[in-house]
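This is a predicted model, so every value here is computed, not measured. In the text below, chain A, chain B and the rest are named by the order of the sequence lines, each starting its count at 1. Values below: all heavy atoms of this structure, side chains included; hydrogens, waters and symmetry mates excluded.
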There are 2 protein chains.
Amino acid sequence: MNIGEVAQRSGVPAKTIRYYESIGLIQPAERTAGGYRIYNGRDLKTLQFIQRSRNLGFSVKQVGELLALWQDRGRNSADVKAVARVHLSEIDKRMGELKEMRATLEDLFHRCHGDERPDCPILNDLAGEEREVDRAAE
Amino acid sequence: MNIGEVAQRSGVPAKTIRYYESIGLIQPAERTAGGYRIYNGRDLKTLQFIQRSRNLGFSVKQVGELLALWQDRGRNSADVKAVARVHLSEIDKRMGELKEMRATLEDLFHRCHGDERPDCPILNDLAGEEREVDRAAE
DNA sequence: AATTGGGCTTCCAGTCACTGGAAGGTCAAG
DNA sequence: CTTGACCTTCCAGTGACTGGAAGCCCAATT
């Protein structure tokens with residue numbers, strides 16, 4: 001297959017496949033006499049593996065590690081699990097951050113009238129001003 | 001104040017302050033005869049506003065909008081609320097994606113032995129293979 | 001007055017993972 | 001032998017910084 005077909009079948013854009021080749025994530029493809037890249041079923045499987053890994057949020061670097069492990073018959077599943085563990089903790093970290101942002105933002109959002117008046121708790125908070133209720137509590 | 005002091009007091013690194021100036025997020029700072037940037041209390045407040053906005057996950061572009069609104073005495077709080085709404089929905093989208101990744105990953109993680117054997121459900125899944133239980137159910 | 005050292009300046013490059021676009025070559029069908 | 005889709009390479013841009021090099025500024029010692 002040409003790059004267009006393997007792109008369509010793997011879900012990885014042709015442009016991205018070339019990019020993956022350029023950074024060494026995948027082996028340089030064979031070429032036709034005219035210079036076209038050609039791919040086989042094995043290449044397709046590799047690209048599908050990459051696509052699924054990326055969809056799970058693994059970084060390209062991590063995908064490289066997973067690919068190497070996948071192609072290593074003598075691997076230890078512990079090594080795969082370790083990559084997954086790192087990624088899981090990154091996801092948890094990111095989710096924690098988002099959750100915190102969301103809570104603050106949601107609170108501000110609901111306290112903002114959202115009308116034609118300029119007064120706005122969102123801006124007040126961003127400007128570092130104390131809340132009315134906080135001041136009343138002092 | 002010099003850039004180092006305002007950086008320290010606002011929490012925005014000096015390098016980042018110069019960057020914000022270069023992209024037009026903040027006005028070019030005044031300069032001393034020797035070419036040093038100088039900042040006043042107002043500039044500090046602006047940088048603190050920016051820092052707080054960034055901490056809530058607003059993009060630099062959104063921060064620019066919020067800054068403009070903040071400095072506009074005739075603003076409508078509805079406009080501020082609209083920026084917050086967009087950002088909130090972006091956060092929700094991102095959290096949804098992470099949640100889905102996490103669920104899949106956690107499942108795979110717990111099904112992987114994580115020992116010296118090569119057999120690994122994580123790799124099997126990434127390779128697009130059916131699960132044992134799924135195959136048994138067919 | 002000269003020196004030291006820390007802080008400041010600009011500019012370029014790198015990060016991550018692509019993505020867009022231009023200029024031009026290849027290929028199969030008609 | 002032409003058309004048009006598909007392919008090629010290369011360069012530039014995205015977002016939001018961050019690192020580093022080369023060199024100037026300034027206040028405090030000696």
Side-chain angles (χ1 to χ4, degrees), chain A residues 1-26 28-40 43 46-47 49-67 86-87 90-91 93-94 97-98 101, chain B residues 1-26 28-40 43 47 49-67 83 86-87 90-91 93-94 97-98 101:
Chain A
M1 343 168 214
N2 283 345
I3 198 167
E5 189 181 345
V6 81
Q8 194 265 309
R9 286 170 64 173
S10 66
V12 182
K15 210 121 206 192
T16 304
I17 296 174
R18 288 189 204 102
Y19 167 71
Y20 285 160
E21 187 185 294
S22 80
I23 61 168
L25 182 64
I26 54 178
E30 301 287 311
R31 301 290 185 122
T32 65
Y36 280 26
R37 286 176 182 80
I38 39 175
Y39 298 88
N40 57 31
D43 298 326
T46 300
L47 285 166
F49 182 98
I50 292 173
Q51 182 68 356
R52 270 187 277 258
S53 303
R54 293 288 298 134
N55 284 345
L56 281 181
F58 285 103
S59 69
V60 169
K61 185 160 169 277
Q62 286 171 327
V63 174
E65 293 167 19
L66 292 172
L67 266 181
V86 167
H87 182 39
E90 285 162 356
I91 287 180
K93 178 161 170 283
R94 188 72 193 124
E97 290 165 1
L98 285 177
M101 287 178 190
Chain B
M1 299 167 254
N2 284 346
I3 199 168
E5 189 180 345
V6 82
Q8 194 264 308
R9 287 170 64 172
S10 66
V12 182
K15 207 115 208 197
T16 304
I17 296 174
R18 288 189 203 104
Y19 167 72
Y20 285 160
E21 187 185 294
S22 81
I23 61 169
L25 181 65
I26 54 177
E30 302 287 310
R31 302 290 185 121
T32 64
Y36 280 26
R37 287 175 181 80
I38 40 176
Y39 298 89
N40 57 32
D43 299 324
L47 286 166
F49 181 99
I50 291 173
Q51 182 68 356
R52 268 186 279 260
S53 302
R54 294 288 297 134
N55 285 343
L56 281 182
F58 286 103
S59 70
V60 167
K61 184 158 171 280
Q62 286 171 326
V63 174
E65 294 167 19
L66 292 172
L67 265 180
V83 176
V86 168
H87 182 39
E90 285 162 356
I91 286 180
K93 179 162 169 284
R94 188 70 192 126
E97 290 165 1
L98 286 177
M101 288 177 191

Quick one: which protein N/O atoms are closer than 3.5 Å to N/O atoms of nucleotides 24-28 of chain C? Pair and distance per line, please.
| unit_1 | atom_1 | unit_2 | atom_2 | d |
| --- | --- | --- | --- | --- |
| C:dG25 | N2 | A:Tyr36 | OH | 2.6 |
| C:dT26 | O2 | A:Tyr36 | OH | 3.0 |
| C:dC27 | OP1 | A:Gly34 | N | 3.4 |

Mark yes when over 12 heavy atoms from residues, nucleotides or ligands other than B:Glu5 sit less than 6.0 Å from its CD; otherwise mark no.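 More than 12 within 6.0 Å, yes.
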
[X] [atom1] to [N] [atom2], straight-line distance once rounded to whole Å:
X: A:Gln62; N: C:dA17; atom1: CD; atom2: C1'; result: 14 Å
X: B:Glu30; N: C:dC8; atom1: CD; atom2: P; result: 17 Å
X: A:Tyr39; N: D:dC6; atom1: OH; atom2: P; result: 16 Å
X: B:Asn2; N: D:dA27; atom1: CG; atom2: P; result: 9 Å
X: A:Tyr19; N: C:dT19; atom1: OH; atom2: C1'; result: 11 Å
X: B:Lys15; N: C:dC11; atom1: NZ; atom2: C1'; result: 9 Å
X: B:Ile26; N: D:dA16; atom1: CD1; atom2: P; result: 15 Å
X: A:Ile17; N: D:dC6; atom1: CD1; atom2: P; result: 15 Å

Is the phosphate of [N], meaning OP1 or OP2, less than 4.0 Å from a side-chain N or O of [X]?
X: A:Arg37; N: D:dT8; answer: yes
X: B:Thr16; N: D:dT18; answer: yes
X: A:Tyr20; N: C:dC18; answer: yes
X: B:Arg31; N: C:dC8; answer: no

Counting C-beta onward and ignoring hydrogens, is there a side-chain heavy-atom pair between [X] and [Y] closer than 4.5 Å?
X: A:Tyr19; Y: A:Leu25; result: no
X: A:Asn2; Y: A:Val6; result: no
X: B:Val86; Y: B:Gln62; result: yes
X: A:Gln51; Y: A:Ser10; result: no
X: B:Tyr36; Y: B:Ile3; result: no
X: A:Arg37; Y: A:Arg31; result: yes
X: B:Met101; Y: A:Asn55; result: no

NZ/NE/NH1/NH2 to OD/OE distance under 4.0 Å, A:Arg94 and A:Glu97: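 Between A:Glu97 and A:Arg94 there is a salt bridge, with a charged N closer than 4.0 Å to a carboxylate O.
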
Looking at C:dT19, D:dA16, C:dC8, which one has an atom nearest to any side-chain atom of B:Arg18?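 Of all the options, the side chain of B:Arg18 is nearest to C:dC8.
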
Checking all strands, does B:Arg54 fall into the base, sugar-phosphate, or nothing category for heavy-atom contacts under 4.0 angstrom?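 Here B:Arg54 touches the backbone only, sparing every base.
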
Toward the 5' end of DNA chain D, which comes first, B:Val60 or A:Glu21, by nearest nucleotide?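 It is A:Glu21 whose nearest nucleotide is closer to the 5' end.
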
CD-NE2 distance between B:Glu65 and B:His87, expressed to the nearest 0.5 angstrom: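 That separation rounds to 12.0 Å.
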
In residues 3-14 of chain A, which ones come under 4.0 Å of DNA chain D, going by heavy atoms?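 Residues of residues 3-14 of chain A under 4.0 Å from DNA chain D: A:Ile3, A:Gly4.
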
